[in-house]
Amino acid sequence: MAKDQQQISLTFPDGNARAYDAGVTPAAVAESISKSLSKKAISATVNGQHWDLQWPIEGDATVAIHTMQDEAQANELVRHDLAHIMARAVQEIWPDTKVTIGPVIEHGWYYDFDREEPFTPEDLGLIEKKMKEIINKRDPVRTEVWDRDVAIQFYKDRNEPYKVELIESIPGDEPLRMYWHGDWQDLCRGPHLQHTGQVPGDAFKLMSVAGAYWRGDSDRQMLQRIYGVAFTGKEKLKAHLTMLEEAAKRDHRKLGREMDLFHFEEVAPGSVFWHPAGWRVFQTLIDYMRRRQDAVDYIEVNTPDIMDRALWETSGHWFNYMDNMFLAQTHDDRDYALKPMNCPGHMMIYNHTLRSYRELPIKISEFGKVHRYEPSGALHGLMRVRSFTQDDAHIYCTPDQLFEECAKVNKLILSIYKDFGFEDVHVKLSTRPENRIGSDEVWDLSEDALRTTLEDANMNYTIFEGEGAFYGPKLEYVLRDAIGRDWQCGTLQVDYNLPERFGSTYVSASGEKLAPVMLHRALFGSLERFTGILIENWEGKLPFWLAPRQVVVASITSEADGYVQEVVDTLRKAGVQAEADMRNEKINYKVREHSLSKVPVILAVGAREVEEKTVSVRRLGQKQTSVQALTDVTAQLAAEATPPDLR
RNA sequence: GCUGCUGUAGCUCAGAGGUAGAGCACUCCCUUGGUAAGGGAGAGGUCGAGAGUUCAAUUCUCUCCAGCAGCACCA
C-alpha cells in the first residue's frame, strides 16, 4: 500500500517544525506529540484560523493545539457545541420543531427555532435537563463536507425549510459542512469539540426565551430564540450570574423609584415625570454644559417646539420620518409637527440675517426638547424615551475651518467625559453609505476631517463602512461604565447637505455667497439618557456635586431643631443643597432611611452639637462618624459641591 | 411595530368563580431616643380599561392600554 504521500511541514508555537503527511489532522498531530495532549486537545489554530481537530491540513502551516486552558477558543467551542446540543435537545423533546441558526455571542449563545407552541420558562428547565443527558452520553462529534444539492434535498426531505434557505444563500464555492453530535446533525461552519462530554455540564444555563425575526428581517417569520450563557468552568458561570445581579441592582428604573427621582405614567408613555431630586441632577448637567460651551464661544438659542410642515419638508424629515413624528392638529388648516430635531430651527436662526465669513464659525446651541414617536417596544426607562432634551449644537463654518472645528469638538467631548469619570471612551467612525447625496470630493473631505481628528488625538476608533448618515459621515462616542457596559452618547456629524437644502450662505472675503459646512454635535446626547447612565454607573451614588440630594441634617432630639435649621441655612448659603429632618423618629431610623435613598452626607445633631456648634458627619457607605465644627464642614462640603470645571 | 410574559393599596407581593389580604410607607397617639427599622391605633383598593360568558367575574374568554425580556427600529 506504499504510495507517494506528500510531506508538509508544520511549525509549532515553540518554533519547532516537523514533517507530516499532507492531509494530517490536528488530532493526529496532537497524538504524535503526546498521549495526554491528544486527550486534552479541543481544537487548533492553523495559519491563524480556528481549526477543528478533524479537519485535514493540506500544506505547510503554523499549528497550535488548544486545550480548555485556552479561554478564547474554549469558550467559543463550548458555546457553539452547546448551541447544537440545545437544538438537539429541543428536537428530541418536540420533534416538530424546525431549526434555524444558533451562533455564539458574548457570554454564551442562542438558537432560533420555529415551533407553533411557545416555549415556557418551565420548558427551559426541561431542555437543560435533556442537554445534560446528552453531555453525559459523550456522543462523538464528526464532520463531513457535503455536496450542495444533496444537502438541499436532505433538508427538503426533513422539512427543514430554513436550512434549505440558508444553504441556498451560501456562496457556491464555499464547502458545505455537516456536523453530527451523536445522531443529530446540523449544517455548520465549525469547528467543534470532539465529543459532547467535553462540554462542562455544570457551567451553562438557559436564560430566556424571546422572539426574533428570521434573518433579522421584520417582514419575515418571527421565531423563538432561546438564550444561554456558558463558560469553561462552574466558577466562571457563577461569577457571570453574580455580575448580572450587580447590574440589576444598578437598574436606573429601580433606583429612580427608590431615590424618588422620576416616574412614568400610562397617559404619557415614554415621557418622564421628573421629581425634584431627579430634576436637580438634570439641571446640574445643563448648568455644567452651558458653562463649558460658553467658555468656547457657543451661543445659546431657543427655537419653537411646533413648526409648520413646510419646514419639515425642506429639512427632509417629513418624508423620511413622518411615521415617527408627533403631528399637531389645529383648527387653522395647517399641518404642524413637534420638532424631532433642533437643526431646522437653527437653520432659521442662521438664515435670519446675512452672514459674513468673519463671523464663522458660528456655534449655535440649544437645550432643546425633541419629540419622536418611538416604536412602543423600543421604550426603556430613561434610556429610550419619546421626548428628550438634547445638548444640541450646530457649528457653521467654512470648509477650511472644518478640521479645526472637528478637533475642538473632539477635545471638548473628551474633557467633559473625564469630568464625569468616564476615561474609557471608544469612537465609531461611520463612513459614506451606499445611498447618499453629495460628491465624492465632499465625502473625502468630510471623512478625512473626522479621521484626522481621531488620529491626531491618538484615539481608539473603529470604522463602520457605509454606516454614515445619508448627508455625511459621523463619529459616535461610546463610554464604558464602571461594570464594563458600553453606552453610546456623543455624536459629531459633518453635513454639507442641510445648508444647501435651506439655501444657507455666507459672504466670502471676495464677496461671493458660499454655502457653509455644518457640524451637528451632541455630547451628552440625550440628557434623560445621560442621567440614566450616571445613575447606573454610580449605582445611584453620584459624586457629591451631581447628587440628587446632597445633605440631610437630622435632629437627634427635638431640642436641636432650631440648630438643625441653622445648619441647613448655613449650608444652603454656601451653595450646598441641604434639607432638614426634624421628624419625631430615632436617629437610627433616619440614618437608615437616608442611607437607603443614597444621600451622600447625613449630619446628625443632638444636644452636644448644639452646645459646641458642631455636627456629627456620616458619609454614605461608611459606618464611622466624626464630629466637626460646622464652619469646617460647610467649607469642606461647599468645595465638594463645586462642579469640576469650577474647581 | 413583532413574539412571549406581566398588570391586585404609594412600594414589594400573597390570594380565590361568591365583590380582597400581608409587610413597608402614610395619618394620629405614646415615646426625646446618639448613627441602618421604638411601641400602639387608624386610614387606604372600580383588583390596568372595555366588552363577553355566568345567577354571580377582580378571578374564565376576547379586544384595547401600559410595563418587562428579546427582536426590528433609533434622523
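Chain A is the first sequence line, chain B the second, and so forth, proteins listed ahead of strands; every chain is numbered from 1. Being a predicted model, the structure only gives us computed values, none of them experimental.
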Complementary nucleotide for rA22(B) - Watson-Crick or wobble, under 3.5 Å: rU12(B)
From the set rA69(B), rA75(B), rG33(B), return the single nucleotide nearest to any side-chain atom of K586(A). rG33(B)
Specify the separation, in whole Å, of atom OH of Y213(A) and atom P of rC73(B). 9 Å
Students often get this wrong, so: under 4.0 angstrom with heavy atoms, is Q390(A) touching a base, only sugar-phosphate, or nothing? nothing
Could you tell me whether the side chains of T462(A) and H426(A) share a donor-acceptor contact shorter than 3.5 Å? yes
Under a plain distance cut-off of 3.5 Å, with no hydrogens placed, do N537(A) and D481(A) share a side-chain donor-acceptor pair? no
On RNA chain B, more 5' by nearest nucleotide between T625(A) and Y321(A) is T625(A)
Output yes when at least one side-chain N/O atom of Y589(A) is less than 4.0 Å from OP1 or OP2 of rA25(B), else no. yes
Mind checking who rU27(B) pairs with, Watson-Crick or G-U wobble, both distances under 3.5 Å? rA41(B)
For rU63(B) and rA25(B), measure between their P atoms and round to the nearest Å. 42 Å
If pairing requires Watson-Crick or G-U wobble contacts with both distances under 3.5 Å, which nucleotide is the partner of rG34(B)? none
Closest approach to the side chain of M222(A), judged atom by atom: which nucleotide of rA69(B), rG33(B), rG70(B) is it? rG70(B)
Nucleotide nearest T557(A) when distance is taken to its side chain, options rA69(B), rG33(B), rA72(B): rG33(B)
From the set rA69(B), rG67(B), rA75(B), return the single nucleotide nearest to any side-chain atom of S208(A). rA69(B)
What's the gap between rA20(B) and rG15(B) when it is taken at their C1' atoms, as a whole Å value? 8 Å
Y227(A) and R225(A): side chain donor to acceptor below 3.5 Å: yes
Can you tell me, in whole Å, how much space there is between the P of rA41(B) and that of rA56(B)? 41 Å
Among rC68(B), rU3(B), rA72(B), which nucleotide has an atom closest to any side-chain atom of R253(A)? rC68(B)
Is there a donor in the side chain of Q488(A) and an acceptor in the side chain of K428(A), or the other way round, less than 3.5 Å apart? yes
Rounded distance in Å between the P positions of rC47(B) and rG38(B): 35 Å
Can you find a donor-acceptor pair, distance only, under 3.5 Å between R215(A) side chain and rA72(B) base? no
Minimum-distance nucleotide (side-chain atoms of R225(A) versus rU32(B), rA75(B), rC71(B)): rC71(B)
rA16(B) to rU59(B) separation - P atoms, rounded to the nearest Å: 14 Å
Whole-Å distance separating the CD atom of Q624(A) from the P atom of rG34(B): 20 Å
The side chain of S595(A) lies closest to which of these nucleotides: rA72(B), rA36(B), rA66(B)? rA36(B)
Base, sugar-phosphate, or nothing for A604(A), non-hydrogen atoms under 4.0 angstrom? base
Quick check: any donor-acceptor pair below 3.5 Å linking the side-chain of E609(A) to the base of rG34(B)? yes
By nearest-nucleotide position on RNA chain B, the 5'-leaning member of G621(A) and M341(A) is G621(A)
Could you tell me if Q628(A) and T614(A) have a donor-acceptor pair between their side chains, going purely by distance under 3.5 Å? no
What integer number of Å spans the P atoms of rG44(B) and rA37(B)? 31 Å
Quote, to the nearest angstrom, the P distance that separates rA75(B) from rC13(B). 35 Å
Using atom CE of M325(A) as one end and atom P of rA75(B) as the other, report the distance to the nearest whole Å. 15 Å
Check every atom of rG67(B), rA72(B), rG70(B) against the side chain of L379(A) and return the nucleotide holding the closest atom. rG67(B)
Is it true that W487(A) and E536(A) share a donor-acceptor pair across their side chains at a distance under 3.5 Å? no
Which base, if any, makes a Watson-Crick or G-U wobble pair with rU6(B), both distances under 3.5 Å? rA66(B)
Closer than 4.0 Å, any side-chain N/O of R619(A) to the OP1 or OP2 of rU35(B)? no
Can you find a side-chain donor-acceptor pair between Q493(A) and E476(A) that sits under 3.5 Å? no
Watson-Crick or G-U wobble partner of rC71(B), both distances under 3.5 Å: rG1(B)
Watson-Crick or G-U wobble partner of rU61(B), both distances under 3.5 Å: rA51(B)
Distance-only donor-acceptor check, side chains T634(A) and T570(A), under 3.5 Å: no
Which protein N or O atoms sit under 3.5 Å from an N or O of nucleotides 7-13 of chain B?
residue : atom : partner : partner atom : Å
rU12(B) : OP1  : R257(A) : NH2          : 3.3

Report the distance from atom CE of M322(A) to atom P of rA75(B), rounded to the nearest whole Å. 19 Å
Expressed as a whole number of angstroms, how long is the span from K590(A):NZ to rG38(B):P? 12 Å
For Y162(A) and D114(A), test the side chains for any donor-to-acceptor distance below 3.5 angstrom and give the result as yes or no. yes
Please determine, for the side chain of S376(A), which listed nucleotide (rA72(B), rG1(B), rG70(B)) has the closest atom? rG1(B)
Quick one: is H380(A) getting a side-chain N or O under 4.0 Å of the rA69(B) phosphate, OP1 or OP2? yes
Expressed in angstrom and rounded to an integer, what is the separation of L382(A) atom CG from rG67(B) atom P? 13 Å
Does R372(A) get its side chain close enough to the base of rC74(B), under 3.5 Å, for a donor-acceptor pair? no
Please determine if a side-chain N or O atom of N588(A) lies less than 4.0 Å away from the OP1 or OP2 oxygen of rA36(B). yes
For L223(A), report the nucleic acid contact type (base, sugar-phosphate, nothing); a contact means any heavy atom under 4.0 Å. nothing
Would you please classify the geometry between the F326(A) ring and the Y373(A) ring as parallel, tilted or perpendicular, with 30° and 60° separating the classes? perpendicular
Measure NE2/H371(A) against C1'/rC74(B) and give the value in whole Å, please. 17 Å
Indicate, with a heavy-atom threshold strictly under 4.0 Å, whether P375(A) touches base, sugar-phosphate, or nothing. base
Starting at CZ of F470(A) and ending at P of rC74(B), how long is that distance when rounded to a whole Å? 13 Å
Does one side chain, of K590(A) or S555(A), offer a donor that lies under 3.5 Å from an acceptor on the other? yes
Report the nucleotide, chosen from rG34(B), rA75(B), rU32(B), that has the shortest atom-to-atom distance to any side-chain atom of H317(A). rA75(B)
